[in-house]
Amino acid sequence: MNALLNYVREVIGGTWSLATGMGVTMRYMFKPVTTVQYPRQRLPLPAAFRGPIELVRLEGGDHRCVACGECFRTCPSGVIKVQGHKSVAASRNQGRFYFIDFARCSLCGLCVEVCPEGALRFSRDYEQCGLSSLVGVQDLMAKLKEEHP
Amino acid sequence: MHRQALTEDTFYLNLGPQHPSTHGVLRLLLRLDGERIVECQPILGYSHRGHEHMAQNRTYLQFMPNPCRMDYLSGLMYNHAYCLALERACGLEVPARAEHLRVICAELNRISSHLLWFGAYLMDLGAFTPFLYAFDDREDILAILGLATGSRLTYSYCRFGGVRDDVGQDFLEGIRAFIPKMRARLKDYDTLVTRNVIFVNRTQGVGVISPELARAHALTGPCLRASGVGYDIRKAEPYGLYPELDFDIPVRAGGDCLDRYLVRVLEIEQSLRIIEQAMARLPGGPVKATGVPQFITPPPGLYHTSYETARGHLGIFLAADGTRVPYRLKFRVPSFGNLGILPKLLPGTLVADTIAILGSMDVVMPEIDR
Amino acid sequence: MAWLSNIPATVWEGLRAFLGPLALTMIVGLLLTLGWVQVNALFLVWLERKVAGHIQLRIGPKEVGPFGLLQTLVDGVKLLGKELITPAPVSWPLFVLSPILVFAPVLVSFVVIPFGPGTQIRDLNVGLMLIFAFGGLGVLAILMGGWASNNKYALLGAIRSVAQNVAYEIPLLLSAMSVVIMAGSLSFQAIVQAQEGLWYVFCQPVAALLYLVGATAETNRAPFDIPEAESELVAGFHTEYSGMRFALFFLAEYTNMFIVASVATALFFGGWRGPFWPGPWWFLLKVYLLIFVVIWVRWTFPRLRFDQLMNFAWKYMIPIAVLNLMVTAVVLKIVR
Amino acid sequence: MVGHRQEAPPVSLAVLSQVLDAVRANSLWPLTFGLACCAIEMMAAGAARFDLDRFGAGVFRPSPRQSDVMIVAGTISRKMAAIVVTLYDQMPAPKWVIAMGNCAIGGGPFTYPGQYAIVNGADKILPVDIFVPGCPPRPEALIQGMLELQDRLTQGGRTNLLRRFARYPRRAEPGGRP
Amino acid sequence: MSADFCQRLGRRLGQRLGAAALGQADYRRQGYHLRLELAPDHLRELAAMMAEEGCYLEYITAVDRGGHLELAYVFGRHQEACRLLALAAVPKGQGVLSIAGVFPAADWQEREVFDMLGQRFIGHPNLKRILLPEDADFHPLLRDFQAGPELGGDEMEI
């Protein structure tokens, strides 16, 4: 007899749990949609956001990089190629080009920390895509010049 | 691959390496008799990237981004474990505020890892909607962790002797807003999934693991705690802030898929408790020990560190030779042991159970293949 | 210009005279059905993706056309433009024939669907029988397709779909039988007429529930979608199909859903009966409400395991269906 | 018009192929093919917050026969390379490949002299159309990649009459301030 | 409670396997309580003993010390925190008895050590490569391994 009893209880309990499950989905159906309709709306980027690195821009459109190669040595994936030259014998070394291949960078942030001059910081560009595998290769100095001529 | 002429009526089925529910690239070579499984042989290595070989030719600091890419679901915990290993070896002291921030971020990472597992597991069983709800919560956590660390998945947030930089008020506000929302959402998951009769039938009594079998196969983490053995490194060998926090370890005795599910869901609740306690007593002060050299050189010798990640016991074995570069670095990865038990569980079950058992093991393939 | 306006009339009279009324209605009915099947599939796929979206807190198709309405049309045309791959080790005739055979019986079932009091292609007195007969044919085509595509996943999916449809055909018939006993005839018009005062769903709630559950299993929709279980068998029986063949399977599934819902409306929810609107509007409203419930069920529940599915059919649904039938027979005996 | 047409069609109806490409652009069904960490960001792009389904690309088909775009999300290891090529061959034409993440573009953080385990980039074994750098790239970057692929198909979006927001700014202004 | 368990375990190990090689370790810095150097042929006996004690095999790894391979077996306990690191120096090319019979967990661990460092384990159920492709003929974690151009480098075709 109790076999029949728990058969009925099983059927009732089962249908009840299915019904409450559907109740939950119905409730969620009328909840506001959480989609951020990119590219119309955009999520606010956190202040500490880590995009590809860029050179810190001083007032005169200049940068602080002295091409000491510290970032070049510490980068685990060999992303950075930097070259400097001395305009005058006694003056400090002045960076000439600063190539990075963002397609090999793992955004660990060691270069930004280790730079003695504080010449690097994280950019906030997160929407890069391109048609060739060299999409990540940029010369940061040229980019600095063209953004603020 | 040997492939005899199929005289008998069993046939080989390759589940993977590209399959919707192998969570990465795992290949299960199944011998099927109709729908029932006769023998199962997991074949690994499809996402082997040579982390341990890389460790032998870069300095300790340069190896920093690698641990987060082994188990990208608990990236911050791997990062924390790697820094812990080096701090113990070199005897570095970590300021109190950094310890608190590490514990808060690690527990948030554990919740996001369990949520992703919850969504993926339900998708394996056929319900697609909980996956979207779990991802919705996970996005909130990633937004909060983004405020502290700046990235969503591969954090590299901890450094030797502390964390990279301090957190602002919006990080703390985000967590305070997140915790009640998560608790309400856990109640909805309870009614939608835990009490659902189809889910219970699909997972109860499936893939039962006895405590002895679990110990023989070196199972750790939620899979072990679902078989009745309450072994959690945060309690067995406490590190960081855990000795001073009071939280308990959910342990279930059944050892089947349902209990592995329940252990993880209860662990989300415990992690919320830990975060609340750590937030309440968050001290001020520096977040990074001063005077840590850029190239740390731990004294020669063999070191071991244990850490409790979302999947179990992560052991880091370090053979240091006193130079800047590790001589040998071995990661004892929890999923490697957890997956090793699969060939023992599967014979005799159906294909649908294979997916349920594999899903309940919560394996991440790049962590196994290193 | 008067002659211009009555050209259709003269053509109509000519055809009616030449073909005779019966053949004319059949041809017009067939053309209307083909048109309606396309429109219905387009709308249903869009409705499913939108409802699934909103249940899952997201939006669903939105960018293509207003509210994403053109999305399904775009998907269909894209599938039309895809390469039709016929893998080499495939037994070619069955592989090609299977999508057509899945789609054909579904079309035939439109003959007896009672859209309104007069608007029915042909009121056969064995309407219900025809629908269940052609319902069974679809499974044969799925088995053919699954076996022919020489893929282990497809084979497993095909075998599962046969076992599932055999198991769920019986409670479907039994629950429909209990309605037929009350209405006294197999023809849809008679059944809908018989629901004059009281819809059958109120005096046969168990049969209605059984019918809906059996119908969800019949059309291979979650939680009974084990033939094309995405997470287990990659894509079930249509793993090897690409392009328009896959679209035919897709079309057949959604049209089958429409038919099953319309039969349920006719049997249990009073067909086209409704207070002030004309018949067909009520019928379509009820059908699409039922389809919404089927979609809602799909995005809520996990999938049953193969043997649990059989268990559920043989041990739970069939005993209850037989019990319901007997109770109805006894009550009718007493009342009449 | 980018196309992987093995051979030119006998009759070249320019308008028809433009319409077909506009249609294909708006219903790019991706193949569920996650290799490593970028797979999680691909799932996040398909999930509620970023919802690829808005562009008709949310239908993640498990079988290569029914998918149009192969999103290579993660590191292609040496053991997996042959399988990736087989999967690509199984897809019906016209098909495209999006290399998502640094590992799929050029091996990412795992390329160094003496590397023995991975393939240095998906373009060594597959004809890749769109490259989305990042480690892992944010879901928005993957959506940018999809939109870029849609523009590639429809001459820079000009013939893409179906997509309504062609007039919205595709990228935030250079400073990244949204 | 766990400290005296380690003492008792250490004493038993000392009697069974020769006291000389047993050493306490500073757990705070090194992470293990007991350290034991033993000859490779005692390994199976050690494994049997640890199985009786109810310990579980955490992992097996090997360090290439130039002339010989230093095998490291690490055993842990669920109840009390007590970790034993057993070290066995094995000249390259010489096989070692597999403990997969006692601890099934060792099956994959030994396959990985064979795959990465080429250490053969006698009596292993199916000693095949686990991570690298079947036809690979090199062991990457050996110190003298250099990935040739056909393997590493930039240009490489499939």
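Every chain is numbered from 1, with letters handed out A, B, ... down the list of sequences.
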### Message
Nearest 0.5 angstrom please: D/Glu148 CD to A/Cys129 SG, how far?
### Response
4.5 Å
### Query
Crowded around A/Phe122 CZ? As in, over 12 foreign heavy atoms under 6.0 Å?
yes
### Summary
Closest non-hydrogen atoms of A/Tyr126 and D/Arg138, given as atom of the first, atom of the second and distance, are CB-CD, 3.7 Å
### Message
How long is the straight-line distance from CD of A/Gln37 back to CZ of D/Arg54, given to the nearest 0.5 Å?
### Response
5.5 Å
### Message
Minimum heavy-atom separation for D/Phe55 and A/Tyr38, please, with both atom names.
### Response
CZ-O, 3.6 Å
### Spacing of D/Ile130 atom CD1 and A/Leu131 atom CG [to the nearest 0.5 Å]
5.0 Å
### Task
Please answer whether the main-chain N or O of D/Phe110 pairs with a side-chain N or O of A/Arg104 as donor and acceptor at a distance below 3.5 Å.
no
### Message
Looking at A/Phe102, is its backbone amide N or carbonyl O close enough to the side chain of D/Asn102 to form a donor-acceptor pair, meaning the two atoms are under 3.5 Å apart?
### Response
yes
### Message
I want to check something: taking the side chain as every heavy atom from C-beta on, are A/Ser77 and D/Thr111 in contact at a cut-off of under 4.5 Å?
### Response
no
#### Entry: Approximate separation, where rounding is to 0.5 Å, of A/Leu134 CG and D/Phe131 CZ
8.5 Å
### Message
Report which part of D/Arg49 has an atom under 4.5 Å of a heavy atom belonging to chain A: side chain, backbone, both, or neither.
### Response
both
### Query
Considering only heavy atoms from C-beta outward, does the side chain of A/Leu43 approach that of D/Glu140 to under 4.5 Å?
yes
## Note on the structure
Honestly, the part of A/Glu54 sitting under 4.5 Å from a heavy atom of chain D is neither
### Query
If you take all heavy atoms of D/Ile105 and A/Ser133, which pair is closest and at what distance?
CG2-O, 3.6 Å
### Task
Mind checking the CD-CD spacing from D/Gln144 to A/Glu127? Nearest 0.5 Å is all I need.
5.0 Å
### Task
Please state whether the side chain, the backbone, both or neither of A/Val135 comes within less than 4.5 Å of a heavy atom of chain D.
side chain
